[in-house]
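Read the structure below first, then the notes.
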2 protein chains.
Amino acid sequence: MGIWRAARGIVVAREGAIDPCSSCLARPVSVCNVIPESDLARLAAAAVEAEVPAGRTFINEGEPADWFFNVTAGSAKLFKLLPDGRRQITGFAGIGHFLGLAVSDTYAFTAEAMEPLRYCRFSRTRLRALLDDYPLMEKRLLEVAANELVAAQEQMLLLGRKTARERLAWFLMDMSERIPAPDRLELPVSRQDIADYLGLTIETVSRTMTQLQDDEFIALEGCRQVLMRDRQALQDLAA
Amino acid sequence: MGIWRAARGIVVAREGAIDPCSSCLARPVSVCNVIPESDLARLAAAAVEAEVPAGRTFINEGEPADWFFNVTAGSAKLFKLLPDGRRQITGFAGIGHFLGLAVSDTYAFTAEAMEPLRYCRFSRTRLRALLDDYPLMEKRLLEVAANELVAAQEQMLLLGRKTARERLAWFLMDMSERIPAPDRLELPVSRQDIADYLGLTIETVSRTMTQLQDDEFIALEGCRQVLMRDRQALQDLAA
DNA sequence: CGTTGTGTTGATATTAATCAACAAGTGTGG
DNA sequence: CCACACTTGTTGATTAATATCAACACAACG
């Protein structure tokens, strides 16, 4: 339990319970033995590891997409910006997440560390060679990409068709499903981030949160601590 | 030009100009020689081909995800529904598109043919065997999935943060970029479908369309024929 | 203590949705 | 070829949801 399959910083998959402090944003995935122990050294040589302080971006939308990233510690928010500053957070990345997969000459989003973060990156050519040598790694990537696509479609339904109330309920359920004790939820993000993730304003998020509290679906114990009082009602709302 | 690399109905990639009648929804992709001619017969044996009449669904959200599809003719809309009937179209699929990739026991969306459609489908186990035998096919799938992910993020920005005007402008630009003569655009979808794709109502789509006409950005020649009069302005709006 | 950042609440404005009527195509049968 | 129904699209009036603008509360921090 809780053991990661890591190749000198390359976290390919992880298992079981989640470290609740640093990355409740990472979903658990089952371990697959993608890279033989004997090859770790060779792999490590191909990778560049680095640390990113909280608040710093390490992938910038529009810049040349030269690298492929794997998050090995911490977490990040991924977003797109409009020229006038409107922002849409498209997702969060925790330990084990892969970033910069797309075949495009520039990055399609910005990634900003939400807490001190470590990554391990490869040049695209190295990545290609890596995938040629480890077909299981490629399978894993395809699996990951396919799942993210499903999540993205879910998010489109939310952004295009759900009310503020439904969005919040969905968000709370989604967040709480990722942690061991899902009744007491510590929100890992600010109101602004929730708003930008759900396509709302901070004011609407705040108001809707108190509204859910008035309905006794949740109880707020400080603005980051949420007690889930009626999971069924929230689930029904989230639809 | 216009030659597809098809293995008895398996369209893996296509090249060059697009057949404007049946599938202006398919983006062109460069040809990659994924499957050797000699293996076509073996492949065809593993696949089930079928025809779907316009308006019929052939993938249903929530049903067991036993098959993996490849569209070989026609086009489809992909959508998710809420219990009360609200609908979000998450994308369109044309010739060469792959559907049902995700590792999940049920489909995450519904696919409905927009015109008579042909597909070629494999069981998941067959697919796995196929990918083991043709790593290039797997690479292609990863490439496709990664690109769709980028498109999905773009759509999230649109649904979460753009105005009706911006959404329409983006839609018109996006549609017109897929056809050979991008100044005269024949919309392949109804107002209802545009609305469900952009997270709006038909009324808002209709109003915004006439508004764009009043601004002389476009001219409507019948509700499906759009003359793009000021592509630059539309591009700026689409952001 | 002030200061700053973050969150909440209130008043008002704005956008898009809803409800409703009508117009324009499209297809069918006489 | 026309009358009719039927679907699809447009326009208008009104409402509802959320955004915007503004004030204030609260906590963290020097």
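We name chains A, B, ... by the order of the sequence lines, and we start the count at 1 in each one.
- Following rounding to the nearest Å, A:R224 (CZ) and D:dA28 (P) show an atom-to-atom distance of 12 Å.
- With distances taken from any side-chain atom of A:T210 to the nucleotides C:dT8, D:dT11, D:dA19, the minimum falls on C:dT8.
- The nucleotide whose nearest atom lies closest to any side-chain atom of A:R207 is, among C:dA17, D:dT20, D:dT18, D:dT20.
- Considering only side-chain N and O atoms, B:T201 lies nowhere under 4.0 angstrom from the phosphate OP1 or OP2 of C:dA16.
- Distance CG (A:D84) to C1' (D:dT20): 14 Å, rounded to an integer number of Å.
- We find that CD of B:E221 is positioned 17 Å from P of C:dA24, with the value rounded to whole Å.
- Within 4.0 Å (heavy atoms only), A:L200 reaches sugar-phosphate atoms of the nucleic acid but no base atom.
- Looking at heavy-atom distances under 4.0 Å, B:S190 makes contact with sugar-phosphate atoms alone, never a base.
- In this structure, A:I202 atom CD1 and C:dT6 atom P are separated by 10 Å, rounded to whole Å.
- In this structure, A:Q192 places its CD atom 14 Å from C1' of D:dT20, rounding to the nearest Å.
- Between B:E166 atom CD and C:dT15 atom P there is a gap of 11 Å when expressed in whole angstrom units.
- A:K77 is not listed as a side-chain neighbour of A:V189, based on a closest heavy-atom distance of 4.5 Å or more.
- At whole-Å resolution of the value, CZ in A:R86 and P in C:dT15 are 12 Å apart.
- Counting only N and O atoms by type, the side chains of A:T208 and A:R167 include no donor and acceptor under 3.5 Å apart.
- Considering CG of A:L81 and CD of A:Q88, their distance stands at 10.5 Å, rounded to 0.5 Å.
- The nucleotide whose nearest atom lies closest to any side-chain atom of B:R191 is, among C:dA17, D:dG9, C:dT9, D:dG9.
- No donor-acceptor contact under 3.5 angstrom links the side chains of B:E143 and B:N147, judged on distance only.
- For B:T204, no side-chain nitrogen or oxygen approaches OP1 or OP2 of C:dA16 to under 4.0 Å.
- Toward the 5′ end of DNA chain C lies the nearest nucleotide of A:M209, the other residue of the pair A:M209 and A:R161 mapping further downstream.
- Straight-line distance from the CG atom of B:L187 to the C1' atom of D:dT10: 15 Å, rounded to whole Å.
- Comparing A:K162 and A:E203 by the nucleotide of DNA chain D that holds the closest heavy atom to each, the one mapping nearer the 5' end is A:K162.
- Residue B:D236 holds its CG atom at 8.5 Å from CZ of B:F217, rounded to the nearest 0.5 Å.
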